[in-house]
A.B. asks: 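Structure in structure tokens, see below.
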Amino acid sequence: MSSTSSIRVRFAPSPTGIFHVGGARSALFNWVMAKQSGGTLVLRIEDTDASRNSPEWTEGIIRALAWLGMDGGEYEGPYFQSANADKHAAAARTLVDSGRAYYCDCTREDVVARTGDQHKGYDGFCRDRGLDPGPGRALRFRTPYEGQTTVVDLLRGKPVFENALLEDFVIARADGSVTFLLANAVDDMSQGITHVVRGEEHLPNAPKQQLLWEALGSEPPVWAHIPVIVNEKRQKLSKRRDKVALEDYRAEGYLPEAMRNYLMLLGWSPSGDREIVPWEVIVEEFRIEDVNTSPAFFDEKKLRAFNGDYIRMLPVEKFISACLPFLEDAPFEVDMAVFAQLAPLAQTRVALLSEIVPMVDFAFLDEPPEDERSWAKAMLKGPADEILAGAEDAYRDAPWRADELKTRLEQVGAEHGLKLGKAQAPVRVAVTGRTVGLPLFESLEILGRERTLARIAAARARLASATG
Ligand code: GLU
């Protein structure tokens, strides 16, 4: 594909469930192709399976695309397949009139009885029976018995399909509703689609759809069937087994920038030894022809690490605003002036935005959060009470600065033969509730003398009541 030719691509999801990472990757590949060629991305909601559709899923798709950075200005549509019913019916009539489709009243059982094989395709029984339309009659495409259909696939060269193996497939069911194969092909034709970029599971449909394009007098599109996405066990990602909903990732605090960079790597890689690359570079460098055909491993750990890197790249004000939705849902009131002080300390330590809440809660709760394991670890062995008592004394009149607080606790530790790391633990748990968290002395500085001393005293009281 030359980068100057103007192309029309489309993303054509069926709104039959939660929007997942595979759909998002297809949308992104198409979007990038449109962007880099000055072409157009069409969003088409394939909502013809009325029993499985819901407006809620459609909204989810549109919301997720917007989250990834694609909004109505970036694509044409959304169009709804259900609005094209007249075009689908007209195409079916054209195919009947030109002799390329015929009515058939065979049931599945009839076909199996004749062929003696559960797995064999349709045997062409009604091809020459000249049936009129009527109840219980489906419409089948008259696939050539001979020859081959060759599709041009940008990832796979020119796969060749023997026509003899492509049965006379159904294009309209006995109830008159058209099938996916026809509706999807007719919409692509009428929307002027030049490149069909979609999941590999649709590769077997390509020759059938190409035959439809040709029978309806259109020049077929260029195809690109992108590889399946698999989990760590090399199983195809599944809604039931794997975490695939884009919405879940958003809710955990993945950044859209990290997500879309990562999704672009499912089958493709940028030049050099890089994986984390600015979006502009992706748009510049992506070539659909370079996408691999082997299954792409969706590595959540790696995505998480990406996300941490993306979080660290944010200017701190952006980081603070990205944290806001998570803080709003937190079970405490946040003083933004205090949060602004904690944010730079936290930004280097979270991989997911949702991790911000347990990292800063100590500063906003009246009492430190309770964590029994941390308590046991830091308070029930070693000279915890002596350290806390020493800290109380040392901090009562200390200049309230992190470096000063550190030096004083170092001295207290030394008096009990403890290195700073060990001496810190009881103080950290007394003040923040947990053994791990933000740098301790900066945290104390932000929390202030009064609250720090009150928490140390409360921890000592608890220790005394447990032992006394
Ligand atoms: N609605 C189909 C799907 O979601 C579209 C396939 C295609 O892109 O042609 O699988």
A.B. asks: One thing to verify: whether D188 and R10 come together as a salt bridge, which I'm taking to mean a side-chain N less than 4.0 angstrom from a carboxylate O.
C.D. replies: yes
A.B. asks: Under the salt bridge (charged side-chain N to carboxylate O under 4.0 Å, His left out) rule, what pairs show up with a residue in residues 450-465, not counting sequence neighbours?
C.D. replies: E372-R462, D385-R460, E392-R460
A.B. asks: Are the aromatic rings of Y254 and F306 close, with centres under 6.0 Å apart?
C.D. replies: no
A.B. asks: Between D71 and R63, does at least one N-O distance fall below 4.0 Å, as a salt bridge requires?
C.D. replies: no
A.B. asks: State, with a plain yes or no, whether a side-chain heavy atom of I387 is found less than 4.5 Å away from one of L418.
C.D. replies: yes
A.B. asks: Just one of Y310, W31, F286 clears the ring-ring contact (aromatic ring centres under 6.0 Å, His included) bar with W279, so which one?
C.D. replies: W31
A.B. asks: Between E275 and K302, does any side-chain N to carboxylate O distance fall below 4.0 Å?
C.D. replies: yes
A.B. asks: With a 4.5 Å limit on heavy-atom distance, are the side chains of L212 and F169 in contact?
C.D. replies: yes
A.B. asks: Are the charged groups of D299 and K301 less than 4.0 angstrom apart, N to O?
C.D. replies: no
A.B. asks: Under 3.5 Å, is there a donor-acceptor pair between the side chain of Y395 and the main chain of L405?
C.D. replies: yes
A.B. asks: Using the test salt bridge (Lys or Arg N to Asp or Glu O under 4.0 Å), find all partners of D175 that sit at least two apart in sequence or belong to another chain.
C.D. replies: none
A.B. asks: Is there a donor in the side chain of N30 and an acceptor in the side chain of H195, or the other way round, less than 3.5 Å apart?
C.D. replies: no
A.B. asks: Does the distance from a Lys or Arg side-chain N to an Asp or Glu carboxylate O, for D49 and R52, drop under 4.0 Å?
C.D. replies: yes
A.B. asks: Can we say R408 and E404 salt-bridge, meaning some charged N sits less than 4.0 Å from an Asp/Glu carboxylate O?
C.D. replies: yes
A.B. asks: Under a 4.0 Å N-O cut-off, is there an ion pair linking R274 with E285?
C.D. replies: yes
A.B. asks: For the pair F11 and F29, evaluate ring pair (Phe, Tyr, Trp, His ring centres under 6.0 Å) and give the outcome as yes or no after the intermediate values.
C.D. replies: CA-CA 9 Å; F11 176 52; F29 278 19; over 10 Å; no
A.B. asks: Is the closest side-chain heavy-atom distance between L68 and L246 below 4.5 Å?
C.D. replies: yes
A.B. asks: Look at D242 together with K233 and state whether they make a salt bridge at an N to O cut-off of under 4.0 Å.
C.D. replies: no
A.B. asks: May I ask you to decide whether E252 forms a salt bridge with K243, counting only side-chain N to carboxylate O separations under 4.0 Å?
C.D. replies: yes
A.B. asks: Is a salt bridge present between R8 and E76, judged by a nitrogen-to-oxygen distance below 4.0 Å?
C.D. replies: yes
A.B. asks: Side chains of D187 and Q81: do they bring a donor and an acceptor to under 3.5 Å?
C.D. replies: yes
A.B. asks: Just checking, any donor-acceptor pair under 3.5 angstrom between side chains of R173 and S177?
C.D. replies: yes
A.B. asks: Would you say the side chain of V291 lies within less than 4.5 Å of the side chain of P227, judging by non-hydrogen atoms?
C.D. replies: yes
A.B. asks: Given H225, which partner from the list E200, R198, R156 fulfils the side-chain hydrogen bond (donor to acceptor under 3.5 Å, both in side chains) test?
C.D. replies: R198
A.B. asks: If you define the side chain from C-beta out and look only at heavy atoms, does anything of Y79 sit under 4.5 Å from I45?
C.D. replies: no
A.B. asks: For a 4.5 angstrom cut-off between non-hydrogen side-chain atoms, does S218 reach M189?
C.D. replies: yes
A.B. asks: Please tell me whether H202 and F180 form a close aromatic pair, meaning their ring centres lie under 6.0 Å apart.
C.D. replies: yes
A.B. asks: Could you check if a side-chain atom of D361 sits within less than 4.5 angstrom of a side-chain atom of R434, using non-hydrogen atoms only?
C.D. replies: yes
A.B. asks: Suppose we screen for side chain to side chain donor-acceptor pair (under 3.5 Å). Which residues come up paired with T435, at least two apart in sequence or across chains?
C.D. replies: none
A.B. asks: Is any side-chain heavy atom of Q209 closer than 4.5 Å to one of W223?
C.D. replies: yes
A.B. asks: Without hydrogens or angle criteria, can the side chains of T149 and Q210 be said to hold a donor-acceptor pair below 3.5 Å?
C.D. replies: no
